[in-house]
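Down below is the structure, laid out as structure tokens.
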Amino acid sequence: MTEEAESVFISYAKPDRAWAKWVAWHLREAGHPVELDVWNWSTGDDFIQRMSDAVARATVVVALYSDDYFGPDRWTREERNAVAARRGRLVPLVLAPLTVDVPAHFAPLLRTDLYGLDESAAAKALLGAVNGPAADVDTPAFPPNAPDAPAPAGTPEFPGARTPDGPGTSAVPDRPEVWEVSVGRTPYFTGREEVISQVREGLRGGRFILRGLGGIGKTQIALEYAHRFAGQYDIVWWIDAEQADQLPVHYTELGTRLGIARPDAGAEHNTRALMDHLRTHDRWLIILDNAENPDHFSDLLPTGPGHVLITSRSAGWKGSAADHNLDVFTRDESTAYLTTRLPDITPDQADALASDLGDLPLALAQAAGTLTTGVSLDRYRQLLAGKARELLARGAPAEYSSPLAATVAIAATRLADDCPAAAALLRIGAFLGPDPIPTDWLENAGPHLATVTVDPDDILWPQQDLQALARFGLARLGYGTFQVHRLTQAILRDHTPTADRARINADVSTILATVDPGDPGTPASWPQWAALTAHLVALQDTATEHPELRRTMLRALDYLVGSGQSRAAHDLAGSLHATWSAAHGPDHPDVLTCAQLFSFAVGNLGDYAEARRITEDVLERRSRTLGADHPDTLHSAQSLAGAVFHLGEYEMAKGMVEDILERRRLTLGPDHPDTLTSAHGLGSALYHLEEYAEDRRITEDTLERRRRVLGADHPDTLESAQSLGVTLHSLGEYEEAKRIAEEIFEQRRRILGADHPDTLHSAHSLSNALHSLGELAEDHRIAQENLERRRRVLGVDHPDTLLSAQSLGISLASARRYPEAERLLRDARTRSCRILGADHPVSKRLTENLARVLTARGKLREAHKLQRGSKPAKGRKGRKRR
């Protein structure tokens, strides 16, 4: 025994005696003196005295946790007190998922799970728990894994349950009642035991991130963890998180399963309800697979006593929680995997093949799949070498390895030989985006495709062909979707002859142009637009030469603008405009529409001057090419009036919009949505010119027409209702203004989401109404929350954020918290003067309110200086109205 060896007392329940013997044997082999609370004692011994003496002698108490261990009839008071007294050096080992409450003395201790592991991993976990993580662990051979080697004399049998599924596969506990893991357990899961242990240990902190390149095996580890530890959870919910904006939909589905979702409340509300539920419950596991940009998940990660497991290709997650950057298999893991999948392969052959494949798990899986279809190993390696050299000579992309590329090429060639129709679908999947592809897109476009032959009598097309893709490891099938891995896509695209690309791109354009989620301005269509837009973004170059796809792209931009995704709309529209303008000229109708949508995104991001410049150029080109009264020209004219309005030039905006309204009434009719947009714009200008009575008349008429034409829940209708409430507030009808503000705020939060700019605008108006009614505490709460949201969603310099800062500053001043109010208003005024200019109405109002606070603080000279340098602005608080 070394000096550092711990003296161990093992505390256990009688039904777990086999575990106790196994634990004791391994600890003794590691040099520890061990006493078990029954095994070492003779009949007639004083149990309580022997137990107390043994605990006193031990430097470590190892407690074998199980339901039986915490049974009410097992413990004597003396044993409980003696063990609990050693809590500082108590090492709990969990033998099975616990379904009973752990007593308060034992609950806080960090536990080590032995169940669900093979013997080697369990022994390593045991000694690591007792010796510490730096211990050098040598364990005896595990007899089931080495049947020809005799076990050391006296070695107890490993008590862990096993199944015949192969080495390293433990019996799966019963699944929880709430279980959504659409992919089954990997039957040939090999190695990665250390990573599984890291995941398990890391999740004790609530969150763990598996990072690494595509094809490295992140998803397979998450699947194995979910199945292996299913019995420890009441909820296991798997989410394909590549589209972060779809998480509320997935959370709503979980909320529905839990009975806490409201069908009429909208995804945003149901997501909040689920988050609140998870914060107060334990024994849940949420798996977010392929979660890429961590910035998109800042408010979408559950918190509480449960677990969140994230897989991602992005290094951006590093440091945000416990994480592991996954590497390729070790050579031993690779050969173990291959010999399990291919029983006839020799160890030397497996080693050589693993070397050819670079030990990449995805490449190994695809190779094994191909070799089970009749291709000989020698032939496979010959093809692998030839294809790899060819791809490297052509400049293979750095994001995938040549062995993987060659493996994909071989599998695709074999697929083409066995199922040409499936190979045609694979080529189309390679030229779409990496997100799931709904199969109904293929069904709808099938008769119009040039590279795919569809038998009109085949009622199962394309499902049978897609199943062939899955069999060859070239696609993953989901419910109503299929998905080709991005690395597989890149390889297949690079391997496609130039002559074939044009025809495939034409088919891809046909597929996407055939998809019609509906009006992009209607929130009900936004989930479908989100799925489509994910593929459109990946096909920007293709759209340049395909008119039907350009039109779909423009509708997708309309969706991004309307749904409040201004940054995404800005980036996509800017990229498309530059490409299309170079290819088709700046006066092409599609180019001008793209520029118009780009100006909307720019304006929504707060750069009103640049939005005006872009719109002036579009208006000049449309007037020249289409005529002054063309609907598109009038659309640009309306947009220009909006930009002028946001720059604070209200008189000019009023004159412009009066002219546009008259033209639209004559050419489109009084009830056309575009005409109603102009009427709404006129009301906004009148409001800011303090012509409240006329503003009220026009706004009430516009609201009535929008309700009749568009429906009560349409975003434009809610916009008019919101504006009417603000107008009534300015007319002194505070109670009615508050009622409308509350109603529209709740509707927008339900329909658009809590962070949509329109919802934040409603919160701002509600704060104003509460302030005027003297409900200062609630005003302060809403103003503070709204400022925080606008800073996060819009940025600290956005004009709407500055208006929220002004509202909170006024609220603080009303509560006589003058130093805080001064700091907030001074900062907002500085930003507004820099961004909008000192003469902008927002800057002037901030100056006035800051001067009032300075006066209240006795800083009269500075207050007078500010007031002398600024002309009074109309209105207490500004508002944004389209």
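Here the closest non-hydrogen pair linking S678 and I660 is OG-CG2, 3.5 Å. W529 and G518 get closest at one heavy-atom pair: NE1-O, 3.0 Å.
Looking only at side-chain heavy atoms (C-beta outward), F600 and D558 stay at 4.5 Å or farther from each other. The side-chain heavy atoms of P715 and L752, taken from C-beta on, include a pair separated by under 4.5 Å. Counting heavy atoms from C-beta outward, L532 and T552 have side chains that approach closer than 4.5 Å. Contact check for F431 versus N505: side-chain heavy atoms found under the 4.5 Å cut-off. Side chains of D758 and E719 form no contact here, defined as non-hydrogen atoms less than 4.5 Å apart. Using a 4.5 Å cut-off on side-chain heavy atoms (C-beta onward), E180 and H250 make no contact.
Within the structure, salt bridge (Lys or Arg N to Asp or Glu O under 4.0 Å) pairs that include any residue of residues 586-599 comprise R550-D590, D587-R621, D587-R624 (at least two apart or interchain).
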Inset, instruction - Let me see the working for T544 and H584 under side chain to side chain contact (heavy atoms under 4.5 Å, CB included), right down to the final yes or no. - result: CA-CA 9 Å; T544 302; H584 305 291; 4.0 Å; yes
Legend entry - L223/W238 under side chain to side chain contact (heavy atoms under 4.5 Å, CB included): CA gap, chis, key distance, verdict: CA-CA 9 Å; L223 279 170; W238 184 285; 3.7 Å; yes
Inset, instruction - Show your working on side chain to side chain contact (heavy atoms under 4.5 Å, CB included) between R750 and D713 and close with a plain yes or no. - result: CA-CA 10 Å; R750 171 175 56 84; D713 285 343; 4.1 Å; yes
Inset, instruction - Please lay out, stage by stage, how R427 and D507 fare under the test salt bridge (charged side-chain N to carboxylate O under 4.0 Å, His left out). - result: CA-CA 10 Å; R427 287 192 295 271; D507 276 352; over 6 Å; no
Legend entry - Test side chain to side chain contact (heavy atoms under 4.5 Å, CB included) applied to Q638 and R664, step by step: CA-CA 10 Å; Q638 179 69 44; R664 280 180 158 172; 3.7 Å; yes
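Using a 4.0 Å cut-off between charged side-chain N and carboxylate O, E616 and R612 make a salt bridge.
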Give every donor-acceptor pair under 3.5 Å between a side-chain atom in residues 565-578 and any protein atom, sequence neighbours left out.
from	atom 1	to	atom 2	distance (Å)
Q565	NE2	Y559	OH	2.9
Q565	NE2	S563	OG	3.0
S575	OG	Q540	OE1	2.8

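Counting only distance, with no hydrogens or angles, the side chain of T759 and the backbone of G753 share a donor-acceptor pair below 3.5 Å.
No more than 12 heavy atoms of other residues, nucleotides or ligands sit less than 6.0 Å from atom CZ of R707.
Screening R622, H588, R551, R555 against T593 for a side-chain hydrogen bond (donor to acceptor under 3.5 Å, both in side chains) leaves a single residue, R622.
The structure places CD1 of I310 at 5.0 Å from CG of L301, a figure rounded to the nearest 0.5 Å. Between the CG atom of L442 and the CG atom of L466 there is a distance of 6.5 Å, given to the nearest 0.5 Å.
Side-chain N/O atoms of Q489 and Q483 include no donor and acceptor closer than 3.5 Å.
In this view, H269 satisfies the ring pair (Phe, Tyr, Trp, His ring centres under 6.0 Å) rule with no residue, not counting sequence neighbours.
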